[in-house]
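To start, the structure under review is shown below, and the notes come after it.
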Amino acid sequence: MRAIRMLIHAQKQGILVTPKDIAAWVGISGASTTKLIVRLVDGGHLVRVPHPRDKRTLCIEVTESTALAARGAIGRQHARRFDAAAAMSSEERQAVIRFLEALTEADLPRGVLAAAANTDEEAPNRDVPRKGEP
């Protein structure tokens, strides 16, 4: 599902996705990625398409039917989250907000790590190829 969500997002942005990109995103080996792609292609969830500039490379796209099904599942999941929050009292929600804000604050880089994080923010973004771009 992580791979499918990544593919849906990439396609909406016009970003080309290769098997290597999927492997990096999901955190699995190239061989495992190949097996995953084969199963999802055989199941009608993904299609392989030629890369527009590199004829040796294939890009992977999610099928429209799978994208629709995934969006429906995500929508239902979001509705369940909303229901869980709506069932809480205002005081309970405020306690959860304070807790999550404290966790976020606790995870912020400090000292040398904070300085390194600020340097990373200034680094230029990697160019990502988009459909139709040279």
Side-chain angles (χ1 to χ4, degrees):
M1 196 59 193
R2 286 178 58 200
I4 289 174
R5 282 195 307 254
M6 181 267 274
L7 285 162
I8 290 169
H9 179 73
Q11 280 177 231
K12 283 167 76 175
Q13 303 298 317
I15 297 171
L16 302 171
V17 177
T18 66
K20 189 174 182 178
D21 298 324
I22 294 171
W25 181 260
V26 179
I28 58 178
S29 70
S32 294
T33 302
T34 299
K35 289 173 96 172
L36 173 69
I37 291 169
V38 166
R39 283 194 311 266
L40 291 173
V41 167
D42 289 348
H45 301 291
L46 301 180
V47 293
R48 295 178 187 99
V49 297
H51 192 286
R53 293 177 305 282
D54 182 354
K55 299 305 176 196
R56 299 167 297 159
T57 303
L58 288 174
C59 293
I60 308 299
E61 294 183 355
V62 69
T63 62
E64 186 60 31
S65 61
T66 295
L68 288 170
R71 281 194 284 273
I74 291 168
R76 287 188 299 277
Q77 185 179 26
H78 182 67
R80 288 191 302 271
R81 286 187 200 118
F82 181 84
D83 291 344
M88 299 173 80
S89 70
S90 178
E91 293 81 19
E92 290 170 323
R93 282 192 299 275
Q94 288 303 314
V96 170
I97 290 168
R98 284 193 307 275
F99 172 72
L100 294 174
E101 286 174 343
L103 286 181
T104 301
E105 177 69 26
D107 284 344
L108 290 175
R110 307 265 189 248
V112 174
L113 293 176
N118 288 335
T119 302
D120 290 344
E121 289 174 6
E122 295 169 7
N125 291 333
R126 182 183 85 120
D127 288 333
V128 178
R130 299 187 183 276
K131 287 183 183 176
E133 287 184 355

Point to revise | L40 CG to I4 CD1 distance, which is reported to the nearest 0.5 Å | key: 5.0 Å

Exercise for review: Could you tell me the separation between the CZ atom of R80 and the CG atom of D83, rounded to the nearest 0.5 Å?
Suggested key: 9.5 Å

Revision key, fill the gap. Distance col, row K35:NZ vs I28:CD1, nearest 0.5 angstrom, shows 10.5 Å

Revision key, fill the gap. In short, T63 meets G44 closest at the heavy-atom pair OG1-O, 3.1 Å

Review point. Shortest non-hydrogen contact from K55 to H51?
Key: NZ-O, 3.7 Å

Point to revise | Transitive ILVMFWY side-chain link F99 to M88, under 4.5 Å | key: yes

Expected list for residues 100-107: side-chain donor-acceptor pairs under 3.5 angstrom, two or more places apart:
{"unit_1": "T104", "atom_1": "OG1", "unit_2": "L100", "atom_2": "O", "d": "2.9"}
{"unit_1": "E105", "atom_1": "OE2", "unit_2": "R110", "atom_2": "NH2", "d": "3.4"}

Study note, to complete from the structure: Interatomic distance, CG@L46 vs SG@C59, rounded to 0.5 Å, equals 12.5 Å

**Study point:** Side chains of V96 and E92 in contact at under 4.5 Å (non-hydrogen atoms)
**Key:** no

Practice item. Answer yes when R71 and E64 have at least one side-chain N-carboxylate O distance shorter than 4.0 Å, and no when they do not. Key: yes

**Study point:** Distance in Å, I60 CD1 paired with M6 CE, rounded so as to fall on 0.5 Å steps
**Key:** 10.0 Å

Check your understanding: When rounded to the nearest 0.5 angstrom, what distance separates OG1 in T33 from NZ in K20?
Key -> 11.5 Å

Review point. Would a hydrophobic clustering, with Ile, Leu, Val, Met, Phe, Trp and Tyr connected at side-chain separations under 4.5 Å, put V17 with W25?
Key: yes

Point to revise | Non-hydrogen atoms of A70 and M1 that approach each other most closely | key: CB-CE, 3.6 Å

Review point. If you take all heavy atoms of V26 and R2, which pair is closest and at what distance?
Key: O-NH1, 3.5 Å

**Study point:** L7 reachable from V49 in the ILVMFWY side-chain graph, under 4.5 Å edges
**Key:** no

Practice item. Taking all heavy atoms of I8 and all of A67, pick out the closest pair and write down the distance. Key: CD1-CA, 3.8 Å

**Study point:** Sub-4.5 Å side-chain heavy-atom contact between L16 and D21
**Key:** no

Practice item. Taking the side chain as every heavy atom from C-beta outward, state whether V62 and H9 have any pair of such atoms under 4.5 Å apart. Key: no

